[in-house]
Amino acid sequence: MNIVLMGYMGSGKSLIGNKLADKMKLEYLDLDDYIENQEKNTISKIFEEKGEIYFRKQESRYLKEVLEKQNNSVISLGGGTPCFAGNLEIIKESEKAKSIYLKTSLDQLTKRLFAERDKRPLISHLSTVDLLNDFIRKHLFERSFYYNQADHNIITDDREPDQTSEEIITLLF
């Protein structure tokens with residue numbers, strides 16, 4: 001079985017995914033890293049040079065590829081992955097995948113992301129907490145429909161990554 005982590009940026013998909021994989025002795029795969037390796041380019045550059053439509057098509061192609069070839073892995077998706085190109089259906093139809101939505105509150109996301117916005121091209125231009133909060137609120141409104149269709153929802157607010165990974169293990173096994 002593959003454990004597929006989804007959620008908004010800053011929800012802890014990579015951090016929790018790594019911890020979960022370590023605890024369960026599974027392979028860890030970050031879909032964004034996989035795409036960058038396959039495309040030999042960063043996500044930011046792909047968006048800039050080839051556009052979002054190209055990126056979303058490739059993202060869907062690589063998601064299918066990863067779900068078909070990976071076994072007993074923890075896979076972290078990009079924040080938008082389940083929301084585009086029928087990717088949620090691909091995940092739901094995979095007999096080898098259990099999806100987990102790492103649900104994080106707007107306030108927690110704003111707090112986490114404001115400090116690291118320079119490292120995230122999508123939000124680097126947002127200079128105030130209020131602008132970032134509004135940006136995240138809009139995205140969460142659009143994306144919650146998809147995220148909430150995961151097999152399981154786990155709230156990550158005010159929890160350490162170890163606690164969240166333990167909860168996922170308890171939930172699945």
Side-chain angles (χ1 to χ4, degrees), residues 1-21 26-104 106 108-109 112-113 116-117 119-124 135-156 161 164-165 168 172:
M1 175 180 62
N2 292 313
I3 301 167
V4 178
L5 301 179
M6 63 176 78
Y8 197 71
M9 72 174 126
S11 63
K13 298 179 301 287
S14 297
L15 186 58
I16 292 165
N18 271 304
K19 292 215 177 270
L20 185 60
L26 300 175
E27 185 178 344
Y28 174 73
L29 187 141
D30 182 297
L31 184 63
D32 283 349
D33 291 345
Y34 184 84
I35 293 168
E36 288 181 346
N37 287 334
Q38 297 301 309
E39 293 286 311
K40 305 207 180 345
N41 213 343
T42 66
I43 303 291
S44 298
K45 286 285 187 193
I46 296 168
F47 264 80
E48 183 182 313
E49 294 171 2
K50 298 185 178 180
E52 184 175 5
I53 292 171
Y54 172 85
F55 173 77
R56 295 300 177 190
K57 284 181 181 176
Q58 295 306 98
E59 179 182 51
S60 187
R61 179 179 140 221
Y62 292 127
L63 174 65
K64 286 178 196 166
E65 191 175 289
V66 162
L67 288 175
E68 287 171 10
K69 77 178 195 179
Q70 291 297 121
N71 288 306
N72 299 317
S73 297
V74 176
I75 302 167
S76 294
L77 304 181
T81 305
C83 311
F84 296 97
N87 291 335
L88 181 63
E89 292 308 312
I90 293 167
I91 296 162
K92 289 170 81 170
E93 290 171 5
S94 173
E95 293 178 11
K96 299 191 307 184
K98 281 285 182 206
S99 57
I100 311 261
Y101 169 28
L102 299 178
K103 188 173 186 170
T104 310
L106 174 63
Q108 195 80 40
L109 289 169
R112 290 179 189 173
L113 291 171
E116 60 184 59
R117 70 189 186 287
K119 299 177 205 151
R120 296 183 182 265
L122 192 62
I123 60 171
S124 62
F135 182 89
I136 297 169
R137 178 182 288 115
K138 178 183 172 284
H139 268 157
L140 285 178
F141 177 77
E142 295 167 348
R143 295 177 177 189
S144 290
F145 170 77
Y146 300 97
Y147 294 156
N148 282 311
Q149 292 183 58
D151 294 317
H152 304 283
N153 292 355
I154 304 274
I155 295 171
T156 66
T164 303
S165 58
I168 292 169
L172 295 177

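Values in this document were obtained by computation on a predicted structure and should not be read as measured data. Quick note: numbers below take in every heavy atom, side chains included, and nothing from hydrogens, waters or symmetry partners.
- Here the side chain of Ser60 pairs no donor or acceptor atom with the backbone of Lys57 at under 3.5 angstrom.
- Asn71 and Lys96 share a side-chain donor-acceptor pair at under 3.5 Å.
- In this structure the side chain of Tyr62 reaches within 4.5 angstrom of the side chain of Gln38, judged on heavy atoms.
- Screening Arg112, Lys13, Gln108 for a side-chain contact (heavy atoms from CB on, under 4.5 Å) with Thr156, the sole residue that qualifies is Arg112.
- Residue-environment remark: CG (Leu172) exceeds the threshold of 12 foreign heavy atoms within 6.0 Å.
- A side-chain N or O of Asn41 and one of Glu49 form a donor-acceptor pair less than 3.5 Å apart.
- The pair Lys119-Glu116 fails the salt-bridge criterion, with no side-chain N (NZ, NE, NH1 or NH2) lying under 4.0 Å from an Asp/Glu carboxylate O.
- Of the listed residues (Val66, Leu63, Ile75), just one forms a side-chain contact (heavy atoms from CB on, under 4.5 Å) with Tyr34, and that residue is Val66.
- For the pair Lys103 and Ser11, the minimum side-chain heavy-atom distance is 4.5 Å or more.
- There is a side-chain donor-acceptor pair under 3.5 Å between Ser14 and Asp30.
- Using modelled atom types, one finds no donor on one side chain facing an acceptor on the other under 3.5 Å when comparing His152 with Tyr101.
- Lys138 has a carboxylate O that lies under 4.0 Å from a charged side-chain N of Glu142, or vice versa, which qualifies the two as a salt bridge.
- Checking Asn153 against Asn148 by side-chain atom types alone, a donor-acceptor pair falls below 3.5 Å.
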